[in-house]
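To keep things clear, I will list the structure first and then write my remarks on it.
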Protein chains: 2
Amino acid sequence: MIEIFKALGDENRLRILNILKNYELCVCELEVILEISQSNASRHLAKLKNVGIITASKDGQWVHYQLSKKFAEKNKPLLEYLEAGFQSNEIFENDLNRYVIYKDSEYNCQTITNDKDLVTKYIDLKSGGIDNE
Amino acid sequence: MIEIFKALGDENRLRILNILKNYELCVCELEVILEISQSNASRHLAKLKNVGIITASKDGQWVHYQLSKKFAEKNKPLLEYLEAGFQSNEIFENDLNRYVIYKDSEYNCQTITNDKDLVTKYIDLKSGGIDNE
DNA sequence: TTAATATATGAGTATAATCGAATATATGCA
DNA sequence: TGCATATATTCGATTATACTCATATATTAA
């Protein structure tokens, strides 16, 4: 339990989990949605995975992360608490909004590879200006 | 939510909360039950109090700490998760056992003041030897 | 096989958390 | 008032955590 709380006591990891709670993403997508560096994203994902909160599935050179069904099943009250916390916080709502914009667009991992800035700017624009404003 | 997780991501604070979840104790009692220093106990209690998980009530020179009813009411799923975690862990079970031994004894805060070692040794003995063994 | 790419990991640094020891504050009592 | 006591806080040292930049690993595709 302590390790779980430690893993959840970090803003970036909570932001990641907020997305993965509902969707399955690869690392490069999380980089763009949350605007964090590749190594940072990878490291936080590793931490969440190490304590069993999320799982990874490899798809070629891409790695998709998702909420662990086993964990969610075994820890329903915690998931419920997280959901309530996510819903009452602007940061998490904004991140989710950014992801939905991306998901509903024509862009994908390949687009991000080709022109990461393009995708980032598209999301920024559609989500109503620069992030964190 | 982040602050809550940070507050819960520490073994000593979880051990404190494990006791306060069911009982109301003053600082000197927590020192003896958990075998932590006075300044450490006070510090951790302050942290739990600052994020609203516990409350304090002053009784003369003593300060009693208890789980915040408001917090528990507003965060039932979290409390449920904690309870499950506490019950499946030997450390927390042992701490609770130590408190019950103390509570059912003739000792109290005054006894602890007069001879802290006596109370500690009584609990150690009754709980089946030295703590953490 | 070689080049390109997605992700993971290592090294170094900055920041934050924890702890023990000492001190400050506040209350109770003689 | 002056002393003893319960708790809170400060200081300094140590350890842990998070971040950036650089590099390693593994996979794809030419």
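In what follows, chains are A, B, ... by sequence order, proteins preceding strands, each numbered from 1.
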For atom [atom1] of [X] and atom [atom2] of [N], their distance in whole Å:
X: Leu8(B); N: dA17(C); atom1: CG; atom2: C1'; result: 15 Å
X: Glu11(B); N: dA17(C); atom1: CD; atom2: P; result: 18 Å
X: Asn50(B); N: dT9(D); atom1: CG; atom2: P; result: 9 Å
X: Glu31(A); N: dT5(C); atom1: CD; atom2: P; result: 14 Å
X: Trp62(A); N: dT5(C); atom1: CH2; atom2: P; result: 11 Å
X: Leu25(A); N: dT7(C); atom1: CG; atom2: P; result: 11 Å
X: Leu45(B); N: dC19(C); atom1: CG; atom2: P; result: 12 Å

Lys/Arg-Asp/Glu bridge criterion (N-O < 4.0 Å) met for [X], [Y]:
X: Arg98(B); Y: Asp124(B); result: yes
X: Glu80(A); Y: Lys76(B); result: no
X: Lys116(A); Y: Glu31(A); result: yes

Give the cluster check for Trp62(B) versus Ile36(B): same hydrophobic cluster or not, with ILVMFWY residues linked at side-chain heavy-atom distances below 4.5 Å.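 They do not share one cluster, since no chain of ILVMFWY contacts under 4.5 Å joins Trp62(B) to Ile36(B).
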
Taking Gln38(A)'s backbone N and O only, do any of them form a donor-acceptor pair with Ser42(A)'s side chain (distance below 3.5 Å, no angle check)?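 No, the answer is negative, given that no donor and acceptor are paired below the 3.5 Å cut-off.
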
Just N and O in the side chain of Ser42(A): are any of them under 4.0 Å from OP1 or OP2 of dT7(C)?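 For dT7(C), neither OP1 nor OP2 has a side-chain N or O of Ser42(A) closer than 4.0 Å.
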
dA8(C) phosphate, OP1 or OP2, under 4.0 Å from Tyr65(A) side-chain N/O: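 So the side chain of Tyr65(A) is within the cut-off, an N or O lying under 4.0 Å from OP1 or OP2 of dA8(C).
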
May I have all residue pairs that pass ring pair (Phe, Tyr, Trp, His ring centres under 6.0 Å) and include part of residues 89-123 of chain A, sequence neighbours excluded?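 Applying ring pair (Phe, Tyr, Trp, His ring centres under 6.0 Å) to every pair that reaches into residues 89-123 of chain A, excluding sequence neighbours, yields Tyr23(A)-Tyr99(A), Phe86(A)-Phe92(A), Tyr107(A)-Tyr122(A).
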
Pairing residues for Asp59(B) by the salt bridge (charged side-chain N to carboxylate O under 4.0 Å, His left out) criterion, not counting sequence neighbours: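 Scan of Asp59(B) (salt bridge (charged side-chain N to carboxylate O under 4.0 Å, His left out), adjacent residues dropped) gives none.
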
So, Thr111(B) versus Asn114(B): side-chain donor-acceptor pair below 3.5 Å or not?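 No, no side-chain donor-acceptor contact under 3.5 Å.
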
Identify, residue by residue, the members of residues 102-122 of chain A with a heavy atom below 4.0 Å from DNA chain D, and return them in order of residue number, or none.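 DNA chain D contact set from residues 102-122 of chain A: none.
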
Verify the neighbour count for atom NZ of Lys21(A): are there more than 12 heavy atoms of other residues, nucleotides or ligands below 6.0 Å?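 More than 12 within 6.0 Å, yes.
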
Heavy-atom count around Lys103(B) NZ within 6.0 Å, excluding the residue itself: above 12?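 Yes, because the 6.0 Å sphere around NZ of Lys103(B) holds more than 12 heavy atoms from other groups.
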
Could you give the angle between the helix axes at the two ends of the helix from dT1(C)-dA30(D) to dA30(C)-dT1(D), with five pairs per end, rounded to 10 degrees?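 It comes to 20° between the two terminal axes.
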
Not counting sequence neighbours, which residues clear side-chain hydrogen bond (donor to acceptor under 3.5 Å, both in side chains) with Thr55(A)? List them please.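 Per chain and number, Thr55(A) pairs via side-chain hydrogen bond (donor to acceptor under 3.5 Å, both in side chains) with Gln66(A).
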
So if I define the base as every atom that isn't primed, P, OP1 or OP2, how would nucleotides 17-30 of chain D read as a B/S/- string at a heavy-atom cutoff under 4.0 Å? -SSBBB---SSS--

